[in-house]
There are 2 protein chains.
Amino acid sequence: MLTIGKLAASTGVKVPTIRYYEQIELLPEADRSAGNQRLYGQSTLDRLAFIRHARDLGFTLDAIRDLLSLSDQPNHSCAAVDVIARKQLSEVESRILRLTTLKIELERMLIQCSGGRIADCRVIEVLGDHSLCVSSDHCHPKAEATL
Amino acid sequence: MLTIGKLAASTGVKVPTIRYYEQIELLPEADRSAGNQRLYGQSTLDRLAFIRHARDLGFTLDAIRDLLSLSDQPNHSCAAVDVIARKQLSEVESRILRLTTLKIELERMLIQCSGGRIADCRVIEVLGDHSLCVSSDHCHPKAEATL
DNA sequence: TCTTGAACCTCTAGTTGCTAGAGACATTAG
DNA sequence: CTAATGTCTCTAGCAACTAGAGGTTCAAGA
Ligand SMILES: [Zn+2]
Ligand SMILES: [Zn+2]
Ligand SMILES: [Zn+2]
Ligand SMILES: [Zn+2]
């Protein structure tokens, strides 16, 4: 049995985050020692490692919740799992696209800046006037999530 | 003079967001009509358009605050402006790198999934075991900001 | 055995950039 | 004149944590 600190050390998830996951019921309520401290076994360690890895791959906690409950149904078809993963992939792809557009605009304004007074700075100028941008699609980005 | 709704319509920034910007002092306190409604002139419109465009390019409100106060100093050197923009560019670039790694891992696990039972699903398997990943650098991502 | 210090406990509040809602007042078109 | 829309303030909520206060438990050294 591991204390919360050991569990944190062996998964790379911080102690308060583990408590937070318990609070939002992503992890089950931990067993307690005589002195009321949390104790964890292998199954929670596995579960937390899964969560950690999925977080690292950008899945939301909600998606992870679904993935976890699916993985408790080993005989089910994995179609639903793949739907979640594919959705995540397309999110990642669209963020890359958007960021690439931003990168181009940022590079462009930095190249055009000649390093003089602010009154003549191309960066300030472009920020004040989107029509100076080369692409228009970085506007109205609707929803942008983390990562 | 524009009402808040007109200002919102002509900048693409939502009404509550404008009020929020005033609250955090990114916009100055607006003049008021006889009936206590906010009224805006050209200068606030310009300022808000600047904010909007900078947000679209991924700058944080803090960075925008700095950019705005710099742009009020037209005779200063634009070096500080360029530092902010360059920092933003490198943030964008590192996010693209990270997302590209994620994309590769997600694609890989989706390709390897043969669409059978969850017990055999490669997606679930990889999520549970990072050593099945091709790259290790998507772990411990430190800080990830919005976009 | 005692004592110190690290690790643990609970609870609240803060972060970023908004968004949603309640309940009341202002303005405007028909 | 009235009805509909717009605006006002205020509070609370979102994701996914993080930080801190103030207190308890545990493990190791003297
Ligand atoms: Zn410049
Ligand atoms: Zn633009
Ligand atoms: Zn599968
Ligand atoms: Zn991995």
Side-chain angles (χ1 to χ4, degrees), chain A residues 1-27 29-40 48 51-68 88 91 95 140-147, chain B residues 1-27 29-40 44 48 50-68 88 91 95 140-147:
Chain A
M1 295 295 260
L2 299 166
T3 64
I4 198 169
K6 310 282 184 192
L7 181 65
S10 54
T11 55
V13 178
K14 290 183 194 151
V15 168
T17 304
I18 296 171
R19 290 198 275 249
Y20 168 71
Y21 286 166
E22 179 180 320
Q23 193 196 317
I24 63 168
E25 295 180 280
L26 199 59
L27 290 177
E29 275 193 52
D31 296 333
R32 299 295 181 121
S33 73
N36 197 36
Q37 303 196 345
R38 290 175 179 82
L39 291 176
Y40 300 94
L48 185 54
I51 294 169
R52 172 73 210 270
H53 197 208
R55 284 295 297 134
D56 284 347
L57 287 164
F59 288 90
T60 65
L61 294 184
D62 262 3
I64 292 170
R65 210 186 290 275
D66 291 344
L67 288 169
L68 282 167
Q88 173 63 13
E91 279 254 324
R95 271 178 233 160
H140 291 287
K142 284 282 173 195
E144 26 198 292
T146 309
L147 275 202
Chain B
M1 296 295 257
L2 299 166
T3 63
I4 198 170
K6 309 284 184 190
L7 180 65
S10 55
T11 56
V13 178
K14 290 182 193 152
V15 168
T17 305
I18 296 171
R19 290 197 277 249
Y20 168 70
Y21 286 166
E22 179 180 318
Q23 193 196 317
I24 63 169
E25 294 180 283
L26 199 60
L27 290 177
E29 276 194 51
D31 297 332
R32 299 297 181 119
S33 73
N36 196 37
Q37 302 196 346
R38 290 174 179 83
L39 291 176
Y40 299 94
T44 305
L48 185 54
F50 183 102
I51 294 169
R52 172 72 209 270
H53 197 209
R55 285 296 295 134
D56 285 346
L57 286 163
F59 288 91
T60 65
L61 293 182
D62 262 3
I64 292 169
R65 210 186 291 274
D66 291 345
L67 288 168
L68 282 167
Q88 173 63 12
E91 278 254 325
R95 272 178 233 160
H140 292 287
K142 285 282 173 195
E144 27 197 292
T146 309
L147 272 204

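Order of the sequence lines sets the chain letters (A, B, ...), proteins ahead of strands, with each chain counted from 1. Note that the structure is predicted; figures quoted are calculated from it, not measured.
Across all non-hydrogen atoms, the minimal contact from B:N36 to B:R32 is O-NH1, 2.8 Å.
Atom pair A:I18:CD1 and D:dA16:P shows a separation of 17 Å (rounding to whole Å applied). The CG atom of A:L7 sits 14 Å away from the C1' atom of C:dA7 (whole-angstrom rounding). Between B:L2 atom CG and D:dT7 atom C1' there is a gap of 15 Å when expressed in whole angstrom units. In this structure, CE of A:M1 is placed 16 Å from C1' of C:dC8, rounded to the nearest angstrom. Distance A:D62 CG to D:dA16 C1': 11 Å, rounded to the nearest Å. To the nearest angstrom, P of D:dA15 lies 14 Å from CD of A:E91. If you take CD of A:Q23 and P of D:dT18, they are 14 Å apart, rounded to a whole angstrom. Nucleotide C:dG17 holds its C1' atom 12 Å from the CZ atom of B:R65, rounded to whole Å.
The side-chain heavy atoms of B:I51 and B:T11, taken from C-beta on, include no pair separated by under 4.5 Å. Put simply, the side chain of A:L68 does not reach to within 4.5 Å of the side chain of A:R65, judged on heavy atoms. In this structure, the side chains of A:Y40 and A:I18 come closer than 4.5 Å at one or more pairs of heavy atoms.
Out of C:dT19, C:dG17, D:dC17, the shortest distance to the side chain of A:R55 is found at D:dC17. Closest to the B:R38 side chain, of the nucleotides C:dT19, D:dC8, C:dC9, is D:dC8. If you check C:dT19, C:dG17, D:dA16 against the side chain of A:Y20, the one that comes closest is D:dA16. Of the candidate nucleotides D:dT18, D:dC8, C:dC18, D:dT18 has the atom lying nearest to any side-chain atom of A:P16. The side chain of B:V15 lies closest to D:dT7, out of C:dT19, D:dA16, D:dT7.
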Step-by-step side-chain contact (heavy atoms from CB on, under 4.5 Å) determination, B:V13 to B:R55: CA-CA 10 Å; B:V13 178; B:R55 285 296 295 134; over 6 Å; no

Going 5' to 3' through nucleotides 22-30 of chain C and flagging B where a protein heavy-atom sits under 4.0 Å of the base, S where only the sugar-phosphate is that close, and - otherwise, we get ----SS---

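Distance CG/A:L61 to CD1/A:I24: 5.0 Å, rounded to 0.5 Å. Taking OG1 of B:T3 as the start and CG of B:L39 as the end, the distance is 7.5 Å to the nearest 0.5 Å.
OP1 or OP2 of C:dT19 sits under 4.0 Å from a side-chain N or O of B:K14. Distances shorter than 4.0 Å separate none of the side-chain N or O atoms of B:R19 from OP1 or OP2 on D:dT9. Remark: A:Y21 is not in phosphate contact with D:dA16, judged by side-chain N or O atoms under 4.0 Å from OP1 or OP2.
Legend: side-chain hydrogen bond (donor to acceptor under 3.5 Å, both in side chains) pairs involving residues 16-25 of chain B, not counting sequence neighbours, sorted by first then second residue: B:E22-B:R38.
Of the two residues near DNA chain C, B:L61 and A:R32, the one whose nearest nucleotide lies more 5' is A:R32.
Counting any heavy atom pair closer than 4.0 Å across all strands shown, A:I4 reaches sugar-phosphate atoms only and no base atom.
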